[in-house]
2 protein chains.
Amino acid sequence: MRLYPDLGLKVFQAPSIGVALEALKEGFRKGELTIIIGRLSVDYHGRARSKLGFGERVVILKPDGALLVHRPHGHSPVNWQPPGSIFDFKRLGEKIVINAGRSNPLEKVTLTFDRIDLLVSSRLRDDAEFSLYVDEHDIRDALVSEPELFEEGFHVVTKEKRVPSGFVDLIGVDREGRFTVIEIKKGLAGRDSVIQLKRYIDGLKGEGGAAVRGVILASGLARGCQGLLDSLGLEFKRVDPRRCYEALMKRRGGGLQLELSRWFISS
Amino acid sequence: MRLYPDLGLKVFQAPSIGVALEALKEGFRKGELTIIIGRLSVDYHGRARSKLGFGERVVILKPDGALLVHRPHGHSPVNWQPPGSIFDFKRLGEKIVINAGRSNPLEKVTLTFDRIDLLVSSRLRDDAEFSLYVDEHDIRDALVSEPELFEEGFHVVTKEKRVPSGFVDLIGVDREGRFTVIEIKKGLAGRDSVIQLKRYIDGLKGEGGAAVRGVILASGLARGCQGLLDSLGLEFKRVDPRRCYEALMKRRGGGLQLELSRWFISS
DNA sequence: GCCTAGGTCCCGTGG
DNA sequence: CCACGGGGCCTAGGC
């Protein structure tokens with residue numbers, strides 16, 4: 001058995017029962033995540049019942065009460081407990097027993113170790129934000145390939161058109177033949193977006209002369225902007241990122257294929 | 001507790017980039033499972049797209065090509081790759097990059113480590129059989145062998161019959177000679193189950209023409225579904241998993257759990 | 001390979 | 001607290 005004290009990462013190789021138990025309890029008390037590699041059997045009682053004989057597996061105990069038992073194959077854990085369950089560690093003869101249970105639904109997972117090869121405990125700091133995303137470009141491209149995502153009967157004329165005051169995201173013609181300028185925002189559109197759109201439209205009016213329809217396309221409109229929008233004769237439309245993504249993937253299939261196949265070849 | 005010498009368990013604490021890369025490659029080549037604790041960012045491209053900034057996490061690489069990235073909370077991995085994906089390990093400046101990709105569907109996960117606190121690699125032997133006792137199939141089989149569990153005078157005609165919209169769990173004829181379609185749910189049957197049953201019945205009506213009786217067989221009916229059931233002219237019947245279990249025992253002899261359970265191979 | 005259904009699904013969101 | 005919908009769902013079983 002060796003102990004590495006640095007960085008709060010504790011590593012125990014083939015710990016004795018006493019050491020392992022102490023490490024488990026202390027790790028959980030301190031809000032650490034614990035990983036065990038060892039030989040164990042698993043029993044589950046609750047929404048169903050299951051039994052798994054002894055074998056070498058990886059067990060993860062998370063500070064939020066999540067439990068995972070992973071076999072050496074497959075994506076999914078063979079047994080688990082969702083967050084919120086309560087752990088209990090004890091000695092049973094020459095074995096270590098871990099119980100993880102919760103009351104709603106009533107269920108319990110029991111791990112019985114007859115060998116622990118490695119026990120690691122560490123506090124993990126992870127504040128990063130996870131985003132499953134579609135960006136502004138993606139939305140624009142999705143509309144180009146599937147204009148009906150914007151509106152029935154809509155046709156795209158230009159994307160990224162240069163105007164004196166910048167770039168218009170999308171220009172098209174609607175079902176009634178009206179020239180339509182679309183300003184896309186991924187998140188909430190604010191006062192600035194509205195003003196920007198207004199500038200674009202004014203610039204285009206200078207070119208043509210006919211009436212131009214202006215639409216803000218975003219996941220939402222910031223509070224207090226509806227009045228401004230109305231007074232300028234502009235519209236707001238909500239966009240569904242998910243549907244955009246699907247459209248995008250349909251169209252980009254080939255491109256992604258290329259990108260990934262390049263990686264496959266290089267690997 | 002019996003202590004075994006560490007059988008091929010390799011533990012590297014805060015390894016250098018070179019050591020970590022070598023360990024990763026050798027571990028995968030030897031069919032070992034590898035666990036990494038460290039600070040990394042994750043990017044995913046494929047069926048969707050996701051981004052996760054740097055944070056301390058647990059990564060598991062399995063010999064069958066499964067990849068898991070676990071944050072310190074939650075049951076589910078934040079990013080992953082199912083079995084069958086191809087790993088690629090490389091150095092990028094002062095960082096280690098792991099790619100895991102597959103071609104169907106085309107997708108790729110990229111892990112970028114700027115710190116590895118611990119790397120563990122080990123061949124895990126796990127040949128145990130996993131058994132789950134009473135599931136939907138078991139209930140269906142119990143009814144096939146003891147139809148009176150459903151109703152006096154009931155006869156099973158077909159199980160798992162294909163209809164245009166899917167598979168009907170059980171079809172039979174009741175005591176009054178009525179064609180009866182049974183939809184089985186292990187737990188509480190919800191709105192979706194009712195709708196599913198309705199779809200099946202409509203499909204069958206198209207075939208025959210005679211009236212068809214539809215029954216939901218479950219351990220309970222979700223609140224608010226009785227009205228829907230009534231309006232569609234369907235019925236609900238409670239099933240007792242315990243009696244099903246006993247029926248299976250009786251029919252399958254003393255074979256016990258071996259025959260009762262569904263087996264998941266562990267090659 | 002696609003399709004279909006099930007899951008100890010988990011996980012959000014809304015009532 | 002429960003009900004509902006969605007998921008990069010995963011996984012198993014048929015065809």
Side-chain angles (χ1 to χ4, degrees), chain A residues 42-52 64 66-69 73-85 100-109 130-134 240 242-243 245-246 249 256, chain B residues 42-52 64 66-69 73-85 100-109 130-140 160-169 183-197 199-200 218 220-225 228 262-265:
Chain A
V42 188
D43 290 273
Y44 163 73
H45 276 240
R47 285 171 285 179
R49 269 175 228 194
S50 76
K51 200 177 243 309
L52 178 62
D64 64 353
L67 167 77
L68 305 165
V69 181
H73 60 268
H75 157 280
S76 306
V78 60
N79 283 106
W80 70 92
Q81 200 68 272
S85 52
R102 56 177 185 155
S103 52
N104 197 350
L106 190 58
E107 53 186 355
K108 186 173 79 164
V109 172
F130 176 73
S131 58
L132 234 154
Y133 68 95
V134 180
D240 182 348
R242 190 157 147 46
R243 299 204 32 199
Y245 186 77
E246 286 162 4
M249 279 301 145
L256 185 61
Chain B
V42 189
D43 291 272
Y44 164 73
H45 275 236
R47 284 172 285 178
R49 239 183 261 199
S50 76
K51 202 176 243 311
L52 177 62
D64 64 354
L67 167 78
L68 305 165
V69 181
H73 60 269
H75 158 280
S76 306
V78 61
N79 281 105
W80 71 91
Q81 202 67 276
S85 52
R102 57 178 183 154
S103 52
N104 197 347
L106 194 60
E107 52 186 356
K108 185 173 80 163
V109 171
F130 176 72
S131 58
L132 227 155
Y133 310 167
V134 182
D135 65 2
E136 197 175 306
H137 267 246
D138 292 331
I139 296 173
R140 177 177 41 66
E160 288 281 345
K161 178 170 170 58
R162 203 182 207 329
V163 293
S165 52
F167 290 90
V168 175
D169 285 329
E183 173 65 24
I184 299 170
K185 282 284 169 265
K186 202 191 64 154
L188 248 61
R191 188 170 300 266
D192 51 341
S193 307
V194 179
I195 291 166
Q196 195 175 18
L197 176 59
R199 275 215 324 268
Y200 292 159
L221 190 63
R223 272 205 316 285
C225 288
L228 178 63
R262 297 168 60 67
W263 296 97
F264 300 86
I265 61 110

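A note on names: the letters A, B, ... follow the listed sequences, proteins ahead of strands, and every chain is numbered from 1. Because only heavy atoms are used, hydrogens play no part in the values below, and waters and symmetry mates are left out as well, while side chains stay in.
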So NE2 of H45(B) and CG of L106(B): to nearest 0.5 Å the spacing works out to 11.5 Å
Contacts of K108(A) meeting side-chain contact (heavy atoms from CB on, under 4.5 Å) (sequence neighbours excluded), chain-then-number -> N99(A), T110(A)
Q196(B) CD - dT4(C) C1' separation (whole Å)
10 Å
Length of the CD-P vector between E160(B) and dA12(D), whole Å:
17 Å
Nearest-Å distance for atom pair CG/P, residues D64(B) and dC10(D)
13 Å
Do H75(A) and P77(B) have side chains that approach each other closer than 4.5 Å (heavy atoms only, starting at C-beta)?
yes
Length of the NE2-P vector between H73(A) and dT11(D), whole Å:
9 Å
To the closest 0.5 Å, what do you measure between CD (E160(B)) and CG (D169(B))?
6.0 Å
Nucleotide by nucleotide, 5' to 3', does protein get under 4.0 Å of the base (B), only the sugar-phosphate (S), or neither (-) in nucleotides 9-15 of chain C, counting heavy atoms?
SSS----
Does N79(B) put a side-chain nitrogen or oxygen below 4.0 Å from OP1 or OP2 of dG8(D)?
no
Protein-nucleotide distance (L188(B), atom CG; dC2(D), atom P), rounded to Å
11 Å
Tell me what G166(B) touches on the nucleic acid: a base, only sugar-phosphate, or nothing, going by heavy atoms under 4.0 Å.
sugar-phosphate
F167(B) has its side chain closest, among dT4(C), dT8(C), dC2(D), to dT4(C)
N/O (side chain, K185(B)) to phosphate O (OP1/OP2, dG6(C)) under 4.0 Å
yes
Counting any heavy atom closer than 4.0 Å, what does R223(B) reach on the DNA or RNA strands: base, sugar-phosphate only, or nothing?
sugar-phosphate
Apply side-chain contact (heavy atoms from CB on, under 4.5 Å) to A66(B) and list each qualifying residue two or more places apart in sequence or on a separate chain.
K62(B), D64(B), P83(B)
dT4(C) and dT8(C), which share atom name P, separated by this distance in whole Å:
22 Å
Looking only at heavy atoms, what is the nearest atom pair of F167(B) and Y200(B), with distance?
O-OH, 3.0 Å
Length of the CG-P vector between D135(B) and dT11(D), whole Å:
17 Å
Taking only the side-chain heavy atoms of N104(B) (C-beta and beyond), determine which of dG1(C), dG7(C), dG8(D) contains the nearest atom.
dG1(C)
Given dA5(C), is OP1 or OP2 found less than 4.0 Å from the side-chain N or O atoms of Y200(B)?
yes
Phosphate OP1/OP2 of dC4(D) contacted by R191(B) side-chain N/O (<4.0 Å):
yes
Minimal non-hydrogen separation, S85(B) against A100(B), with atom names:
OG-CB, 4.4 Å
Can you check whether Y44(B) stacks with the dG8(D) base, using ring centres under 5.5 Å and planes within 30°?
yes
Rounded to the Å, how far apart are I184(B) CD1 and dA5(C) C1'?
13 Å
How far apart are the closest heavy atoms of V109(B) and W80(B), and which atoms are they?
CG2-O, 3.3 Å
Distance in angstrom units between R162(B) CZ and dG14(D) P, rounded
12 Å
Base paired to dT11(D) (Watson-Crick or G-U; both N/O distances under 3.5 angstrom)
dA5(C)
